Amino acid sequence: MNTGLRALSTMTFRTTFARRSCLPVRLAQRQVATQPLFETQKVKYWKQLKEEQGGDYKNRTVSTSQLLTALRDLQSYRSLTPNKSTFPDYRAGLRAVFLLAGSDPAARPTLTVGDLENVLSTENGVSWRVIHDILKYGLVPQLEELTEEMRATVAFNRVHAIGNIYAKTFAKNGARTFEDLINSTGDEYGKKVSKAQKLALKYHHEMEIMIPRQEVDKFDMLIKDALNKADPTIKYEIMGSYRRGEETSSDIDMVVWHDSLKRRDPDAKVRKGNPAPDSIMGRVLNAMFSAGLFSSDKMFATGEKKVWGLSRLPGDPKALHRQVDVRLCPTESLPYMLLGNTGDNDLMRFLRYKAEEKDLLLNEYGMGQRVSISNQVHFKPGTEIIVQTEKEIFDKLELPYLEPHQRSYKVWKNILPRY
DNA sequence: TCGACAGCGCATATTG
DNA sequence: CAATATGCGC
DNA sequence: GTCGA
């Protein structure tokens, strides 16, 4: 799901907050929405659309799936481009469509220009160009002009576990369709297609569709039941956008913990293959298998500390395959893990920056005094701050506590920078 | 001028 | 065979 | 893009 919602949130940081030290400057800039200097350039395609479609232009409709596919392809193409900073970014357009229809075109098969105007700034020239082109030509010339090989690369790159390198290699060696890759037996397309890649290719369509909150609620109940039956001393929580109270999620991000695992062992040996059946993760995995929530042929990875695979609500043949990530966390790190993985991303950037101001390093395992060893920042031994709750982390950073439902940097950006 | 921009867990490829 | 490197996602 | 190595 390289160009899905999750990619959106991680890429926001990469491009906007890439340098920690410039964060406060950027924050200040974001608070004051300055008027664009070259409005005529920016709104060019929106204006063009308006003129070409006439007075009734607000009622013109575009196919949600066509617009979504075009924007996702363009964003995928962007990620394949070496110099991204000079290549347009379609995240704003994608966000607008997600806001109206989620990532599932079936939820709202067509969108009117009026709908889109409500959620997409007319200044977003590149996204309006795509809408304009679809209305005028029925297609997006920029994508049609790509070579057959590049179109395949773009499509492959949208698939989970197929990044730039694999996408390029497969297409360069003649692969053109998902079926080509699913049916390949060796390295006839330059590299062997991995198990995880074949799985993602098979369920690619389902994996691009967002999960409604009510469905995550059902997973939550079933997981709770399954783990409780297997071992009531194993605890778990769903993090991510679900914990923030959002109505849709791109995946289900779980943390599990157990009193017997208090500390992270930095030099724990890496076991090959499945986790030992009697280990914490082994028991979790077996509980998930027994409940029909995981299936051994639909796993991306199964390790002692991290398990991810596809899951669907048992007993419903129409239920879609959803990505479920399970992470094992030592109890000492739990508040940090919950905070870090509940997000949102921009809020976490802000918290890390506040930590840095106090010469602290904050990550999903803990917080402690910073010490640089050969270009890498670590915790100074013995300075790690042990906390029992997330609130204590906010306290240490001298910030007001935000409940999970309030953890949106966008909402709080005008308040938080004062602290 | 040039590379990093978090760093870790997992699967898999490559090297010794 | 084991150790190390690479690609990927988060 | 922007910093330090």
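What you see is a predicted model, and the numbers here were worked out from it, not measured in a lab. In what follows, every chain begins at residue 1, and chains take the letters A, B, ... in the order their sequences are listed.
Of the candidates B:dG9, B:dA11, C:dG9, the closest approach to any side-chain atom of A:Arg264 belongs to B:dG9. Of the candidates C:dC10, B:dG9, B:dA11, C:dC10 carries the atom nearest the A:His160 side chain, counting heavy atoms from C-beta on.
The aromatic rings of A:His160 and A:Trp308 sit perpendicular to each other, their planes meeting at more than 60°, with 30° as the lower class boundary.
Rounded to whole Å, the P atom of C:dA5 lies 15 Å from the corresponding atom of B:dA4. Taking atom C1' in both B:dC2 and C:dG7, one finds a spacing of 23 Å when rounded to whole Å. Nucleotides B:dG9 and D:dC3 are separated by 29 Å at their C1' atoms, to the nearest Å. The P atoms of C:dA3 and B:dA6 are separated by 31 Å, rounded to the nearest whole Å. C:dC10 sits 38 Å from B:dT1 when the P atoms are compared, rounded to a whole Å.
Taking atom CG of residue A:Asp325 and atom P of nucleotide B:dC8, one finds them 19 Å apart after rounding to whole Å.
A:Glu179 is linked by a salt bridge (Lys or Arg N to Asp or Glu O under 4.0 Å) to nothing, counting only residues two or more places apart in sequence or in another chain. The salt bridge (Lys or Arg N to Asp or Glu O under 4.0 Å) search around A:Glu246 returns A:Arg244, not counting sequence neighbours. Remark: A:Glu364 engages A:Arg327 in a salt bridge (Lys or Arg N to Asp or Glu O under 4.0 Å) (not counting sequence neighbours).
For A:Arg327 and C:dG9, the shortest distance from a side-chain N or O to OP1 or OP2 is not below 4.0 Å. At least one side-chain nitrogen or oxygen of A:Lys305 sits closer than 4.0 Å to the OP1 or OP2 atom of B:dG9.
Here salt bridge (Lys or Arg N to Asp or Glu O under 4.0 Å) pairs that include residues 332-343 of chain A, with residues two or more places apart or in two chains, are A:Arg263-A:Glu332.
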Residues 166-174 of chain A, side-chain donor-acceptor partners within the protein, below 3.5 Å, at least two apart:
| from | atom 1 | to | atom 2 | distance (Å) |
| --- | --- | --- | --- | --- |
| A:Thr169 | OG1 | A:Ile165 | O | 2.7 |
| A:Asn173 | ND2 | A:Thr169 | O | 2.8 |

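Within residues 165-198 of chain A, the residues that place at least one heavy atom under 4.0 Å from DNA chain C are, in residue-number order, A:Ile165, A:Tyr166.
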